[in-house]
2 protein chains.
Amino acid sequence: MARVERAQRGGHSGVSIEDVAAAAGVSTATVSRAVRGLPRVSPATREKILGIAESLGYVASSSASGLATGRTKTIGVLAPFVSRWFFSKAIEGADRELHARQYNLSLFNLGGHGSHRERLFSKTMVYKQIDALLVLCMALTHEEIEHLQKIDIPLVVVGGHVEECPYIGIDDYAAAATAVRHLIGLGHTDIALLHGDDETDLNFDVPRVRIQAFQDVMREARLPVRPEWDEWGDFTVRSGQEAFRRLWARSGPKPTAIFCASDEMAMGVIFEANKAGVQVPEQLSVIGIDDHDFAEAMGLTTVGQQPDEQAELATKMLLDELDGIAGAVQSTVAPHRLIVRRTTAPSHRRPEPSA
Amino acid sequence: MARVERAQRGGHSGVSIEDVAAAAGVSTATVSRAVRGLPRVSPATREKILGIAESLGYVASSSASGLATGRTKTIGVLAPFVSRWFFSKAIEGADRELHARQYNLSLFNLGGHGSHRERLFSKTMVYKQIDALLVLCMALTHEEIEHLQKIDIPLVVVGGHVEECPYIGIDDYAAAATAVRHLIGLGHTDIALLHGDDETDLNFDVPRVRIQAFQDVMREARLPVRPEWDEWGDFTVRSGQEAFRRLWARSGPKPTAIFCASDEMAMGVIFEANKAGVQVPEQLSVIGIDDHDFAEAMGLTTVGQQPDEQAELATKMLLDELDGIAGAVQSTVAPHRLIVRRTTAPSHRRPEPSA
DNA sequence: TTGAAAGCGCTAACAA
DNA sequence: TTGTTAGCGCTTTCAA
């Protein structure tokens, strides 16, 4: 009778491994092996147990198995934002791999929570709740890195470098250089730069590297880098709009092309240029970096990258490492590629052959 | 000496409540009370314990406390996508509230994982790992609803109705009607509809309701609803582009305005119209629904909603319910508002007064 | 105000 | 192949 009662509650919240064991007339150890697909269970008992577990709606308590094994089967994803292209794509990519391997994804969004310094993650959360950590494109303080190393869980950062941490991302220098060379190859000599903000600690050295590449390539081509054409933004559309406005509000000659450190900023520039009656690409060529979801629709020329694949790979490494494959986590350079569309065109100004 | 050894490991992975208790010379029960801020601990001992816990880098194991209390302190967020505007915004909103109340967010992304039917969430995951569930704008099967009700954890769906489930979202009918009336008020009589797909089970009745509103308002104004101007998309930019192309490729007269069931589709229409040389809004007025992040930059007229606030409120209700406030979860209609920008204008065609 | 002790549900040796 | 038996680290009566 007791069994019947239990069976009637089938599917309810409180079905434990003991209920299944009792109903199957075996020990909890056997049930544990059976449901986890471990060896040392006869086909017959396994089948019986699985059937009963199913009908009872048994699901193992993650807290209990987590406590027993020391593994939570979830990995943490640390992101400064979730609603920006790079991050949302990366999250999707990480999720693909996690999902395929039966892991859970715990999201830690650091954006917009007052002071960034309330970086919780060393304290309240993350820690002891996850088996590994995926850091999306954000800087970590020395303190934080140190802390993470102490609790030594596998860690990899995607989309930027953090000293001493394995990372996966494109070669930002090469990608930026490619973009600038494309512009130069089109005959542009008056090229403006819209770089990402260097100030915030969220996007660490990526902006810096892209700026460096711009300057190097310009110098290499013996082209002037004019400080009044050096604008900055925070990778958002709005900041691209503002940058364009500032650029065009200033007196003096205007550039014929602009290299933007992200597609969202490039789009902002284009929207604002449209509004101001500046023709793209006739009067102004615009190139970005990313290959944002909207880039194709807008015809935006860009240097594309795939954050989802980057994060998927990173996640795979993390999980492999957890599976005991030592050295599975390795810094890797992800591919980028120039995608020429309709926002870049030959310069309308006197083509002045370099050198 | 043993204490010294422990202290030296301070910050390491394995610091348990027992380590803290030993170091403080009290029982684990007292440590437990102290670190959780419970009463029945003298100020002196509390302070001492907290100091030691801090210096040892103690963090409670979530598995252990989860097992002991039956609460995981994490809520699940079920989303069909993460990189689309509505969803990423909603996730951010949910996170705000969770973060503020020290809960974790476990993300379950159902998109792109082969067959949608592998809806895992009744089985593998979600269940027993979360204290409550936030469903973002997706349909649930009867089976799934039933299952969720059985394991009865608090549940609320944001952005659409699921029978018998509390939901939070805008009044889709009213929002769509507002958009269409705006067009009609501008003198348009030849209005096309770009509705969301009805087929997929992901976006359930939202598309249907918006279609209905369109038809009702048109009928009310005695305006023709032409089947050849009825297009559909899946809420993405690309589908908006395709819809525009189909619409313009068909022979016969063209509409002077189009109501799109989402901003992303509206943007697709605009991008494609630009490419085809169709002036917006001179030749074609376009209105969407959402107030996407890019809408302002593009000057898109739309009926705005705020998924982040919707999700934040929903999360608050869930957490309140978990806090023992019975009836905290209640269906609520979220606000929408017409935002007139630059993609809608009076009809260029002979204004033909209705009635 | 504090402590002792019994679990929470599962896993993992080790025996049988 | 299966069962027994300790825990895993924390919470929570109940006593003291």
Side-chain angles (χ1 to χ4, degrees), chain A residues 6 9 12-50 52-53 56-74 102 124 127-129 131 151 324, chain B residues 6 9 12-50 52-53 56-74 102 124 127-131 151:
Chain A
R6 289 187 181 291
R9 295 195 328 221
H12 275 243
S13 206
V15 187
S16 78
I17 199 172
E18 270 200 271
D19 298 317
V20 179
V26 298
S27 72
T28 60
T30 303
V31 174
S32 180
R33 292 184 204 108
V35 298
R36 287 184 299 156
L38 296 184
R40 300 169 178 271
V41 182
S42 77
T45 23
R46 181 187 304 275
E47 198 176 342
K48 180 180 181 187
I49 291 172
L50 258 28
I52 290 176
L56 255 39
Y58 170 71
V59 176
S61 150
S62 54
S63 295
S65 62
L67 180 55
T69 61
R71 297 295 194 97
T72 60
K73 276 278 193 179
T74 104
Q102 313 262 55
T124 342
Y127 181 41
K128 271 188 186 167
Q129 315 231 64
D131 296 336
I151 66 179
Chain B
R6 290 186 182 290
R9 296 197 327 224
H12 275 241
S13 204
V15 186
S16 78
I17 197 171
E18 269 200 273
D19 298 316
V20 179
V26 299
S27 73
T28 61
T30 303
V31 175
S32 179
R33 291 185 204 107
V35 298
R36 286 184 300 156
L38 296 184
R40 298 169 179 274
V41 182
S42 76
T45 25
R46 180 186 304 275
E47 198 175 342
K48 179 179 182 189
I49 291 173
L50 259 26
I52 290 175
L56 254 40
Y58 170 70
V59 176
S61 151
S62 54
S63 295
S65 63
L67 180 55
T69 61
R71 296 297 193 96
T72 60
K73 277 280 194 177
T74 107
Q102 313 261 58
T124 341
Y127 182 40
K128 272 189 184 165
Q129 315 232 64
I130 59 176
D131 296 337
I151 66 178

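Given the structure is predicted, the values throughout are model-derived calculations rather than measurements. Below, read A as the first sequence line, B as the second, and so on, with proteins coming before strands; counting in each chain starts at 1.
Between T28(B) and E18(B), the closest heavy-atom pair is CG2-CG, 3.7 Å. Looking at every heavy atom in both residues, R33(B) comes nearest to V41(B) through CB-CG2, 3.4 Å. Taking all atoms of both residues into account, the shortest heavy-atom contact from V35(A) to L50(A) is CA-CD1, 4.0 Å. Minimum interatomic distance between G14(B) and D19(B) (heavy atoms only, all atoms of both residues): O-OD2, 3.3 Å. Between V15(A) and Y58(A), the closest heavy-atom pair is O-CD1, 3.4 Å. For the residue pair S62(A) and K128(B), the shortest heavy atom distance occurs at OG-O, 3.3 Å.
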Walk along nucleotides 5-16 of chain D from 5' to 3' and tag each nucleotide B, S or - by protein heavy-atom contact under 4.0 Å, base first, then sugar-phosphate. --BBBBBB----
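Using modelled atom types, one side-chain atom of T72(A) and one backbone atom of Q129(A) make a donor-acceptor pair closer than 3.5 Å.
For DNA chain C, the contact window with chain A, defined by any atom under 4.0 Å from a protein heavy atom, covers dG9(C) to dA13(C) in 5' to 3' order.
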